[in-house]
Peer 1: 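Here it is, the structure in full.
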Amino acid sequence: MKGVVTSISGATVTIDLRGLRLYDRVYIGHARLSGEVVHLEKDHTTVQVFEDTHGLSIGEPAEGTQAPLTVTLGPGLLGGVFDGLQRPLPALQQKSGAFIRNCGTIPSLDLQRSWPFTPSKEVGAVLAVGDIYGVVTEGHIEHPLFARCAGKIEHIHSGPIRLNEPLVTLQGGEQLFGFQDWSVRRPRPGGEKCPAEVPLITGQRCIDFLFPMVKGAVAIIPGGFGTGKTVLEQSIAKFTDIDVVVYVGCGERGNEMAGLLSEFDELRDAAGQPLLERTIIIANTSNMPVAARESSIFTAVTMAEYYRDMGYDVLFLADSLSRWAEALREISAALEEIPGEDGYPTYLSSRLAGFIERSGVVKTATGKLGSLSMILAVSPPGADFSEPVTQACLRAAGAFYQLDTSLAHSRHFPAINWNHSYSLFSKECTAYFSREIDVQWPTLHHRCRDILQQESALREVVEVVGMEGLQDRDQLLMSAAERIRRDFLCQNSFTADAFSSPQQTAQRIAAIIADYDQAVQRLEEGELLTDILQGGNNAPG
Ligand SMILES: Nc1ncnc2c1ncn2[C@@H]1O[C@H](COP(=O)(O)OP(=O)(O)OP(=O)(O)O)[C@@H](O)[C@H]1O
Ligand SMILES: [Mg+2]
């Protein structure tokens, strides 16, 4: 389907093609810039171009594909670094240098790379749609391949094979390859949704102990400028007990992405494998085109679903959703749509829910459980948590880790505010940790929260009467709370303390609470407060 460009306004281009559908992919101009149909009228079509439109002029050709924007799914995604359109960045760099220019289509997956394939069906077997016919070993992950059409196997390959060679030939000539294309805006079928019950262990004491999260849930990390969102997300990506991590750097600084890449290259997980081997990185830094930023989230979530459907635990991390929403706002303004609150389009919440709702635990075709968890950073301007993006995310999230500017200024990291954050999964997780880690977990959890709550109430009194004006017992409580904050909730991501196992977490809080109980007992036995505070571990820091 061919036409011509009739008007251009930044990345929004109108073409004279008719008969296209919403979200069909279109190629614009002699440079074949990739775009997507975003608005249809009787006699013209509006296209959002994902690439830089510099130099594009009226009358250049336009080609409609009558197919949506797709992502290529198959072995080779793990360890990959892609842009928002799933173009591999190393290949792009080879073609266009460090600053990406328009350089035509590049295959998303390396079709020439050879993969070890072990068939699980024989010649003559009858395949139904969704049956597994073999497995490719991708790093330390077994990558099952599912049949996309039914039929009797006439030939099946065994051993190393390239992605562009057929693995199976069915009677009638139909061939099955190791990769498939999937529309990014259409959720993958997954399977029956199941309840999310297993804790996601992040290694961050504040999260695992106070505000735990489960596999398959959604958490948001809103925080003002410089409060530690990126460091927290990257620590979670490094240490969480998960099979696959999909990290989307959405509109963030390029040097932070570069730092992440070099660090992941060197780091190894518990099994001794390089972290990059189980990670997919989608980089759409602040200087890359905004329309591709909007679609990058959907590209990434589709890849995450692909591994979830194999029965793996997948963690989707986005930094930051505010930049994604800004892209949405920019596109909406270019389309002259009626703006909603703060200029964001009125469909902000529904578009957000469109991908957040793709999280969850599913029972896959093989009966295994696969999960897709999401931890999303939000950077509200001026740390105003009542702004539309934070509020829209809040409605969909089950855990909320609010980063506090004053904590970050006093170098308390992670700067999670324990009074304003919450998790809806505390009950399930506490029961799990009490069963699997320490029977004392629920008691410790309750005591810790109680001390922190009493401390915040006493703080107001201290502001009026000073520490000395408090009763002895309250002074002990204040010093125990101080120790919880300093030795338990603070966790420097750049030291060996960056990861704390649930056992270590339980031991650490148990020791602090035991010291506090002992101090209270000594006070009751008549010892002087000054002696207790000076001698014991409860001395204020
Ligand atoms: N867990 C941590 N341990 C030690 N230092 C930290 C930690 N978290 C944050 N920091 C410090 O705070 C600085 C800012 O953190 P970070 O870049 O993650 O903030 P941000 O919220 O992502 O900022 P921006 O809004 O600019 O994206 C870091 O460079 C680091 O020095
Ligand atoms: Mg950041």
Side-chain angles (χ1 to χ4, degrees), residues 80-84 89 200 202-204 207 213 217-240 242 244-264 267 275-276 279-288 290 292-301 303-304 314-328 352 355-356 358-359 372-381 383 385 387 389-390 392-394 396-397 399-405 408 413-416 421 493-494 498:
V81 186
F82 303 95
D83 76 350
L89 288 183
L200 180 91
T202 61
Q204 303 293 313
I207 294 182
M213 151 140 189
V218 181
I220 65 163
I221 310 182
F225 171 71
T227 45
K229 298 176 292 293
T230 305
V231 173
L232 184 57
E233 287 244 319
Q234 294 186 356
S235 306
I236 292 173
K238 278 183 235 163
F239 300 118
T240 303
I242 210 93
V244 173
V245 174
V246 181
Y247 186 97
V248 197
C250 192
E252 288 296 298
R253 292 177 284 266
N255 54 0
E256 277 181 356
M257 286 312 299
L260 177 81
L261 285 174
S262 62
E263 202 180 340
F264 269 43
L267 283 172
L275 267 187
L276 207 54
T279 309
I280 305 172
I281 295 182
I282 313 288
N284 191 277
T285 53
S286 48
N287 60 342
M288 287 157 92
V290 285
R293 187 190 304 167
E294 198 275 322
S295 66
S296 65
I297 288 273
F298 292 93
T299 306
V301 85
M303 293 181 191
V314 184
L315 176 62
F316 175 94
L317 295 162
D319 185 17
S320 110
L321 268 201
S322 299
R323 307 277 162 271
W324 171 82
E326 278 165 18
L328 202 64
L352 200 70
F355 81 85
I356 287 189
R358 290 166 77 166
S359 64
L372 171 50
S373 323
M374 295 187 179
I375 301 188
L376 313 164
V378 185
S379 23
F385 300 109
E387 59 91 42
V389 183
T390 316
C393 290
L394 256 180
F400 172 71
Y401 308 133
Q402 182 186 311
L403 301 188
D404 196 302
T405 311
F413 288 117
I416 299 175
S421 303
S493 285
F494 305 105

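No hydrogens, no waters, no symmetry mates; every other heavy atom, side chains included, goes into these values.
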Peer 1: Do Val378 and Glu387 touch side chain to side chain, with heavy atoms closer than 4.5 Å?
Peer 2: yes
Peer 1: Between Leu403 and Ile416, is there a side-chain heavy-atom distance shorter than 4.5 Å?
Peer 2: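 They are in side-chain contact.
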Peer 1: Does some side-chain heavy atom of Phe82 sit less than 4.5 Å from a side-chain heavy atom of Ser296?
Peer 2: no
Peer 1: Would you give the length of the straight line joining atom OH of Tyr247 to atom OG1 of Thr279, rounded to the nearest 0.5 angstrom?
Peer 2: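 These two atoms lie 11.0 Å from each other.
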Peer 1: Taking the side chain as every heavy atom from C-beta outward, state whether Leu200 and Ile207 have any atom pair closer than 4.5 Å.
Peer 2: no
Peer 1: Indicate yes or no: at least one non-hydrogen side-chain atom of Gln204 is less than 4.5 angstrom from one of Leu232.
Peer 2: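 Yes, at least one pair of side-chain atoms sits under 4.5 Å.
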Peer 1: For Met213 and Ser373, which heavy atoms make the closest approach, and how far apart are they?
Peer 2: CE-CB, 4.0 Å
Peer 1: Nearest 0.5 Å please: distance from the CZ atom of Arg323 over to the SG atom of Cys250.
Peer 2: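 So the CZ of Arg323 and the SG of Cys250 are separated by 9.0 Å.
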Peer 1: Could you tell me whether the side chain of Ser421 and the main chain of Gln402 form a donor-acceptor pair under 3.5 Å?
Peer 2: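 Here the side-chain-to-backbone pair exists.
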Peer 1: Looking at every heavy atom in both Ala383 and Gly224, which two are closest together, and how far apart are they?
Peer 2: CB-CA, 4.0 Å
Peer 1: List the atom of Thr390, the atom of Ile220, and the distance in Å for their closest heavy-atom pair.
Peer 2: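 Result for this residue pair: O-CD1, 4.2 Å.
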Peer 1: Does the side chain of Ile375 reach to within under 4.5 Å of the side chain of Thr240, using non-hydrogen atoms?
Peer 2: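 The answer is no, as the side chains (C-beta and beyond) never meet within the 4.5 Å cut-off.
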Peer 1: Nearest 0.5 angstrom please: Leu315 CG to Ser359 OG, how far?
Peer 2: 11.5 Å
Peer 1: Quick one: salt bridge (charged side-chain N to carboxylate O under 4.0 Å, His left out) pairs with a partner in residues 219-238, sequence neighbours left out?
Peer 2: Lys238-Glu263
Peer 1: Rounded to the nearest 0.5 Å, how far does CZ of Arg358 lie from CZ of Phe316?
Peer 2: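 Between Phe316 CZ and Arg358 CZ, I get 9.0 Å after rounding to 0.5 Å.
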Peer 1: Side chain to side chain contact (heavy atoms under 4.5 Å, CB included), that's the test. Do Ile221 and Asp319 meet it? Break it down for me.
Peer 2: CA-CA 9 Å; Ile221 310 182; Asp319 185 17; over 6 Å; no
Peer 1: Which atom pair, heavy atoms only, marks the closest approach of Glu294 to Trp324?
Peer 2: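 Here Glu294 and Trp324 meet closest at O-NE1, 3.0 Å.
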Peer 1: Nearest 0.5 angstrom please: Leu317 CG to Ile282 CD1, how far?
Peer 2: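 Leu317 CG to Ile282 CD1: 12.0 Å, rounded to 0.5 Å.
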Peer 1: Compare every heavy atom of Ser295 with every heavy atom of Gly84, then report the nearest pair and how far apart it is.
Peer 2: O-OG, 3.8 Å
Peer 1: Could you give the distance from CG (Asp83) to OG1 (Thr299), rounded to the nearest 0.5 Å?
Peer 2: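 Between Asp83 CG and Thr299 OG1, I get 8.5 Å after rounding to 0.5 Å.
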Peer 1: Under 4.5 Å between any side-chain heavy atoms of Leu352 and Cys393, yes or no?
Peer 2: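 Side chain of Leu352 against side chain of Cys393, heavy atoms only: contact under 4.5 Å found.
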Peer 1: Do you know the tightest heavy-atom contact between Gly226 and Ala408?
Peer 2: O-CB, 4.2 Å
Peer 1: Checking Leu321 against Ile297 for the side chain to side chain contact (heavy atoms under 4.5 Å, CB included) test, could you report, in this order, the C-alpha distance in whole Å, the side-chain angles of both residues, the deciding distance, and whether it holds?
Peer 2: CA-CA 9 Å; Leu321 268 201; Ile297 288 273; 3.9 Å; yes
